[in-house]
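See structure below.
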Amino acid sequence: MRIKEFIVVEGKDDTTTIKRAVDADTIETNGSAINQETIEKIKRAQETRGVIIFTDPDFPGEKIRKTIAESVPGCKHAFLPKENAIAKNGKGLGVEHAQVEAIRNALKDAQIMSETIKEEITQEDLILAGLIGGAGSKERRIMLGKLLKIGYTNGKQLYKRLMMFQISRQEFAKALAIVKQEEKND
């Protein structure tokens, strides 16, 4: 599987793992303190071939993703579910621990976050759906993030990400129905 875009990752180990899964070029941020030189390199990559941001599913990874997205508009975003990023020994979380198939799926599902945001799903919808501020809301958000392929978010981020990825009310309702069905089955 050849990826045309540059894939932005956090470090060398991520690059090694990505290259086992796909044929692609990477740009390493070397941690969450991204310097201006790296941002310029990512901008250049976006102009020439496009960029997929593929960071770890943790706080520093989200910080890097946000920094890049603010500086370099139009990048695609690939998300890896946390359970696919846990080290075999249970100590460590990151892209470098993911299996080949999980990486391919995340890259195949990469999406562009929209700059023009149209509200289809309101904050109230999220509260009524039990995705914010109630018992089990975190678990529901985790499952919803996987189904919609937008990654895990806290309550505040969920609203923003649904808008940025232009998730339709219909798409949201369909995914929410699956989440509710899974809860009944447990």
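Only this structure's heavy atoms are used, side chains among them; waters, hydrogens and symmetry mates stay out.
Within the model, atoms NZ of Lys138 and CG of Leu158 stand 14.0 Å from one another, a figure rounded to the nearest 0.5 Å. Interatomic distance, Thr16 OG1 to Lys12 NZ, rounded to the nearest 0.5 Å: 9.0 Å. Taking OG1 of Thr15 as the start and CD of Glu10 as the end, the distance is 11.0 Å to the nearest 0.5 Å. Taking OG1 from Thr26 and CZ from Phe6, the interatomic distance works out to 9.0 Å, rounded to the nearest 0.5 Å. Annotation: the span from Ile18 atom CD1 to Asp23 atom CG amounts to 12.0 Å, rounded to 0.5 Å. The distance from atom CD1 of Ile132 to atom CD of Glu124, rounded to the nearest 0.5 Å, is 11.0 Å.
A donor-acceptor pair is defined here as one N or O able to donate and one able to accept, closer than 3.5 Å; such a pair exists between the side chain of Glu120 and the backbone of Arg169. Asn185 contributes no side-chain N or O that, together with a main-chain N or O of Glu182, makes up a donor-acceptor pair within less than 3.5 Å. Of the possible donor and acceptor atoms, none in the side chain of Arg140 sits under 3.5 Å from a partner among the backbone N and O of Leu131. For the pair Gln111 (side chain) and Phe165 (backbone), a donor-acceptor distance under 3.5 Å is absent.
One hydrophobic cluster holds both Ile27 and Ile39 under the rule that ILVMFWY side chains link at heavy-atom gaps under 4.5 Å. Residue Phe79 is not grouped with residue Tyr152 when hydrophobic side chains (ILVMFWY) are merged at heavy-atom distances under 4.5 angstrom, including chains of intermediate members. Cluster membership check: Leu162 shares its hydrophobic cluster with Ile178, using side-chain heavy-atom separations under 4.5 Å among Ile, Leu, Val, Met, Phe, Trp and Tyr.
Legend: ring pair (Phe, Tyr, Trp, His ring centres under 6.0 Å) pairs involving residues 49-72, not counting sequence neighbours: none detected.
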Atom pairs and distances, donor-acceptor, side-chain atoms in residues 61-77, under 3.5 Å, two or more places apart:
unit_1: Glu62; atom_1: OE1; unit_2: Arg161; atom_2: NH2; d: 2.5
unit_1: Arg65; atom_1: NH1; unit_2: Ile53; atom_2: O; d: 3.2
unit_1: Arg65; atom_1: NH1; unit_2: His77; atom_2: ND1; d: 3.0
unit_1: Arg65; atom_1: NH2; unit_2: Thr55; atom_2: OG1; d: 3.4
unit_1: Arg65; atom_1: NH2; unit_2: Ala78; atom_2: O; d: 2.9
unit_1: Thr67; atom_1: OG1; unit_2: Lys63; atom_2: O; d: 2.9
unit_1: Ser71; atom_1: OG; unit_2: Thr67; atom_2: O; d: 3.1
unit_1: Lys76; atom_1: NZ; unit_2: Glu5; atom_2: OE2; d: 2.8

Extract all donor-acceptor atom pairs below 3.5 Å that involve side chains of residues 89-104 and protein atoms in other chains or at least two apart in sequence.
unit_1: Asn89; atom_1: OD1; unit_2: Lys91; atom_2: N; d: 2.7
unit_1: Arg104; atom_1: NE; unit_2: Ala21; atom_2: O; d: 2.7
unit_1: Arg104; atom_1: NH2; unit_2: Ala21; atom_2: O; d: 3.0

In residues 142-151, what donor-acceptor pairs under 3.5 Å come from side-chain atoms, sequence neighbours left out?
unit_1: Lys146; atom_1: NZ; unit_2: Glu83; atom_2: OE1; d: 3.2
unit_1: Lys146; atom_1: NZ; unit_2: Glu83; atom_2: OE2; d: 2.6

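Using modelled atom types and a 3.5 Å distance limit, the side chains of Thr122 and Asp125 yield a donor-acceptor pair.
Annotation: Lys41, atom NZ; neighbour count of heavy atoms from other residues, nucleotides and ligands within 6.0 Å does not exceed 12. Environment of CZ in Arg49: crowded, with over 12 heavy atoms of neighbouring residues, nucleotides or ligands closer than 6.0 Å.
In this structure Glu171 satisfies the side-chain hydrogen bond (donor to acceptor under 3.5 Å, both in side chains) test with no other residue, sequence neighbours excluded. Scored by the side-chain hydrogen bond (donor to acceptor under 3.5 Å, both in side chains) test, Asn35 finds Thr38 as partners (sequence neighbours excluded).
The shortest side-chain heavy-atom distance between Phe172 and Leu126 falls under the 4.5 Å cut-off. Side-chain atoms of Ile7 and Asp14, non-hydrogen and from C-beta on, never get closer than 4.5 Å to each other.
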